[in-house]
Amino acid sequence: MELTRRYRVILIAALPSGFLLGAIVFLGFSVFGIPDWRAYLTPGAVLNGATQFGVVGLVVAALSVFGGALSVALVDRRLVRESAARIVAGGLGSAIGVGIVGIALGLAQSSTFTAFVGLLLALPAGVIAAIGIGSTDRAARS
């Protein structure tokens, strides 16, 4: 219970942040992307694409939270170890949670590109999780 109390801000903020980051990525593509591709975008297509990328960001955030929370709970459920153990476990668990599903989707679709994107998304998910856990632990100490 103490684990969820300490990291509740991360748990609450992760899903909306994932959706927002996914939508921002598509909006960046629609503003700075290939000009020939951008010429065919209508406002409805931009909204549709931003929503779809947002849903992908939401799923990645959910997988990241699940993997990170599970690994932190397995390593240090009672919050008695050093903060570094939770940071490493959360970052690795988050990256593994996203990476495994990305590879599984790539295998299911017989697509190396999908697996590569899944692994590519695992890196920032793990880094963001480690930063979030570290900053939360620092705030709890002070």
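This is a predicted model, so every value here is computed, not measured.
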Say you draw a straight line from [atom1] of [X] to [atom2] of [Y]; how long is it, rounded to the nearest 0.5 Å?
| X | Y | atom1 | atom2 | answer |
| --- | --- | --- | --- | --- |
| L58 | S17 | CG | OG | 10.5 Å |
| I103 | T114 | CD1 | OG1 | 12.0 Å |
| F32 | L27 | CZ | CG | 10.5 Å |
| L123 | S94 | CG | OG | 10.5 Å |
| I87 | S135 | CD1 | OG | 8.5 Å |
| L41 | N48 | CG | CG | 10.5 Å |

Please find the pair of heavy atoms, one from [X] and one from [Y], that lie closest to each other, and give the distance.
| X | Y | result |
| --- | --- | --- |
| G91 | A129 | CA-CB, 4.4 Å |
| F19 | T51 | CE1-O, 3.9 Å |
| A89 | V75 | CB-CG2, 3.6 Å |

Does one hydrophobic cluster hold both [X] and [Y], with members joined at side-chain heavy-atom distances below 4.5 Å?
| X | Y | result |
| --- | --- | --- |
| L11 | V72 | no |
| Y40 | L47 | no |
| I96 | V101 | no |
| V117 | V59 | yes |
| L121 | L105 | yes |

* I34, CD1: over 12 other non-hydrogen atoms inside 6.0 angstrom ->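 Counting other residues, nucleotides and ligands, CD1 of I34 stays at 12 neighbours or fewer.
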* To do: Give a yes or no on this: more than 12 heavy atoms of other residues, nucleotides or ligands lie within 6.0 Å of atom CZ of R38.
  =>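 It does: R38 CZ has more than 12 such atoms within range.
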Taking side chain as C-beta onward, heavy atoms only, is [X] less than 4.5 Å from [Y]?
| X | Y | result |
| --- | --- | --- |
| L20 | P16 | no |
| Y7 | V65 | no |
| R6 | D137 | yes |
| I10 | I133 | yes |

* To do: Determine the interplanar angle of the W37 and F26 rings, folded into 0 to 90°, and report it as parallel if under 30°, tilted if 30 to 60°, perpendicular if over 60°.
  =>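 Rings of W37 and F26: perpendicular, over 60°.
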* R86 side chain to R81 backbone, donor-acceptor under 3.5 Å ->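 Between the backbone of R81 and the side chain of R86 there is a qualifying donor-acceptor contact (under 3.5 Å).
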